[in-house]
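Notes follow once the structure below has been shown.
None of these values were measured; they are calculated from a predicted model.
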Amino acid sequence: MDYKTNYNERSWAIDLIAHIKAYVGTIDRPIKEAGGENSIVKDGSSLFPDVLLFGDSGSAKILQGWELKMPDTPINDSEFLENAIKKAVILGLNSIVLWNVKSAHLYILNKETDKFELSKVWDDLVDIKTREQVKENPERWKMVSNSIIDTVNDYLDDGSIEGRSFIEAYRSGGVTSIILQNTKLLTDAINEKVKTDKRFKAQVTLWLDENGQEYNKSKGQNKTDTLSRAVLSNWLGKFLFAHILSSTSSPARNLLKTINSSTTVDEALDIFKEISDKCNFWTIFSQSLAMDLVPSSIWGHFLELNKLLNDLKIGEIDQKQLSSILEDTVSISSRKLRGQYTTPRPLARLLVELSINNVKEDRVADFCSGSGTIIRAALEAKLKVCSPTEVSRDVYASDLDFHANQMTTFALAKPNGMDLPIKVFNADVFSLQPTSSVTFKDPKTGVEFKEELGVFDVILSNLPFISQDGRKNFEDSIEAISDSLPNKYDFISADDFKPFNKKSDIYAYIPFHVLPLLKEGGCLGIVISNSWLGTEWGIGFLCQIIGHYHLRTVVTSGVGRWFSNSEVVTNILILEKRAENDKSLDDINFVTLKRPLADLEDDDYLSTLSSLITVGTVDSSESLDVRTVSINDLFKFVKLGVGLSSQFIDCDWLTEVPLIKTSSLINSSRGNRRGWDALFYPSSNEDIESEFLEPVLLNSKGIKTYLVSPEYERQAFCCSLSENELIAQGKMGAYSWIQKFKNASNNSGVPLVESLAIKKGLLWYDFGAKTKADLVVTMNPEKRFFVAKIQESSIVNQRLICLRVKEDQDTDLLHALLNTALAYFLIESSGFGRGLGALDLKASSFKSMLMLDPAKLDNTKKEAIKEAFKPLLANSRIIHNIDEELEEEDRIAFDKVVLESFGIPHLQDRIYDGLLKLVSIRLEAKNVIADNLIK
């Protein structure tokens, strides 16, 4: 509502704050200062209270906020109170004052009910009813103001009201959360520009392809929201860092003073550029994609934040608190933006301990620095024995993402080192060479200087996960690296060597690209997905790793995954670059950590654990298991079809087992994948002629026993007749069913008549070739293991692996042998664990997997095995979770008969123990690290 009078809430706030400042200057009480006169904005969406009361400037402590209205707003207006509470929560305050001139209400948070309750009322000015009267009676409202200040001081003295330092408020994430709530407004602005600017659209697309996967995507967000959140966090970082920098830089301090309530986005970008020109830190102050599109409603919040930081005199607080703000900015930005992909601090510290040899002199770099957690751990380790100047000289970081580089700069910044170069730069890791020229700036002089990147003693990184959508942006790099890798090595036998598969994850190429950047004998310490342990390309990756490095250590967690992302389980790899003529094959230590990551926060434990891993002489302790494997033995296990994940536990006994390739007895394939289950798997209740319906097995959920029948609630729709033929033959049930989908589209908006027309001459609704099976295996076993025999020939859906027994083979015998604990061990070791605990298993796994060789059995032993398996085939005998299954008497007896038949009964306990340990490691991935470790 518009008012003719010029005296409004903002006018009153300015006068009131001026009076409070004068009044608190005459008394020596907790309240030392007041501010906030720029918080009232036209659209009423202010971020902070209209009046803020502060403690001494050295603590940057906010004591209380006041929300102001003119007398025409009732003091009990619900929106008035709700806004005040919301702002108090943002700042973590436990009290608020509402004042509409006529009345003032003090609310204090009840800790038991977590609600703000009315504590005191001032009704001295109930006769003031208009804005004119407010302007005409300053002495009266000043007296009430003094009374409120005195009361609040009393409550501060007795502890009823507790202020909060800005650091504590900021650490809680409230300020960041409220700013990020505006994400959709910025997304709308970005999308509007995308519609009218082809080049900008291309830039957004490339950014999302290259960086979008690295950010935490909340439910309901679209892809562009990711960029919006990154931009808003970037702006927040600019303001915070500028105020911290002002503690040591007069140019930064003077330029910050030019930002006021009327400063525009473009003007602020120019100011920050000027700060960077004079003080360095371009990775923080640079303009990146979409920074200039922030809408005015969001921009007002940033200007309010800037005013608050001015009022708090952030630049004047002690260095310890400044360090906390720098560290908390990394923590909050990481948690809010890149949450699940951010390296936990204890993991970063362990990686540094295992990788750096000479802490004092090693040059260290992270070329995929993300939030900067790892390189900060390296910097902190070096600061213990090096001067800040030496650390500045030897520590480098880069990332393809500008926003990541800003976080990394925060991570590396130290209040007592603001006059030293922080060597963070923007680059794609695949573009870097020792001769690459990198530009930095001397903060003391503002003068640019260039360095040739050179070579490093240590390269560390949590290698990025890049989706298949983003893969196309790196195809040239992938091709070049693949072509440069040798097809053989003198010290790896031709029988052992496997080529590097170009289907491998992007991270797998980085260790080979950075080779020229690493000194001979230098260390590459990386955190990578565990996918290499159980995939075909993983063996080729291993061969190339051994060809270029000594693989010293592989570390996995036996007590929960290190990242909260439900799809990613990770390993640490410690690699030492080979000298030019070094053809030695050193042993590899496979390490399983047995204590939680949080324990690594303890310096003594971290030192002990890293020492145990480095020396690698302990087989088992309370903290870890270490299994040392020679390269020659490792390749022997590979030939046995055993996945690399098995090397974390005792599996030497496998060399005693008579095995044969499963593929020599059984054909394997994935089940039918036709593309639209709603069409191809109708309910049995549908009015479709029976000749077009066939039995189907859709998934493993209903499989409770080792013998299984097809589904009865659904069947497979199989029709190769044209629509005209159906009409001519009066098959109207099938015809009507097809019509239901004829005008439908898939989830990408493509009509089904197009997306399902996968083969020339095949009708879009024709099921096509039907994959059937004798035996089935679930693609993602978790706690239950089984190979089920289908009692009636059935179509099998893509969620299952189909096994078809070859001619002249005994199906019942193979069914029994594939359900031994030994077979389950081989299945478990053929895949790799996912974040939710399931095993990632592929149909192709059975082509390389081995099983017990039935040719080693005479007829008597074959019959004995089938007879021992019969109790498990009973209709009442359900399949148990593996830990319970291995305790069942019929199971133990069956496995005993099988192992005795093959002459290896002494291995039963070792097989059971190995299987349970492997499954336990995988299932522990369900447990997630605590959020407070992500810093």
Checklist entry - Is the closest side-chain donor-acceptor distance between S669 and R804 under 3.5 Å? => result yes
Item to check | Pairing of K789 and D774 as salt bridge, 4.0 angstrom limit | outcome: no
Item to check | Gap separating the NZ atom of K806 from the CG atom of L814, nearest 0.5 angstrom | outcome: 11.5 Å
Checklist entry - Side-chain donor-acceptor pair under 3.5 Å between Y706 and N819, yes or no? => result no
Item to check | Residues S584 and D582: side-chain donor-acceptor under 3.5 angstrom | outcome: yes
Next on the checklist: Using a 6.0 Å cut-off, check whether atom NZ of K862 has over 12 heavy atoms from anything other than its own residue.
Outcome noted: yes
Next on the checklist: Check the orientation of Y489 and F491. Use parallel for under 30°, tilted for 30 to 60°, and perpendicular for over 60°.
Outcome noted: tilted
Next on the checklist: Would the distance check show the side chain of K594 and the main-chain N or O of D625 forming a donor-acceptor pair, the cut-off being under 3.5 Å?
Outcome noted: no
Item to check | Distance-only donor-acceptor check, side chains N589 and T553, under 3.5 Å | outcome: no
Item to check | Aromatic ring proximity, centroids under 6.0 angstrom, F785 and H880 | outcome: no
Next on the checklist: Any donor-acceptor pair under 3.5 Å linking the side-chain atoms of S531 with those of S529?
Outcome noted: yes
Checklist entry - Hey, do the aromatic rings of F500 and F512 have their centres closer than 6.0 Å? => result yes
Checklist entry - Between D890 and R877, is there a side-chain N and carboxylate O pair less than 4.0 Å apart? => result yes
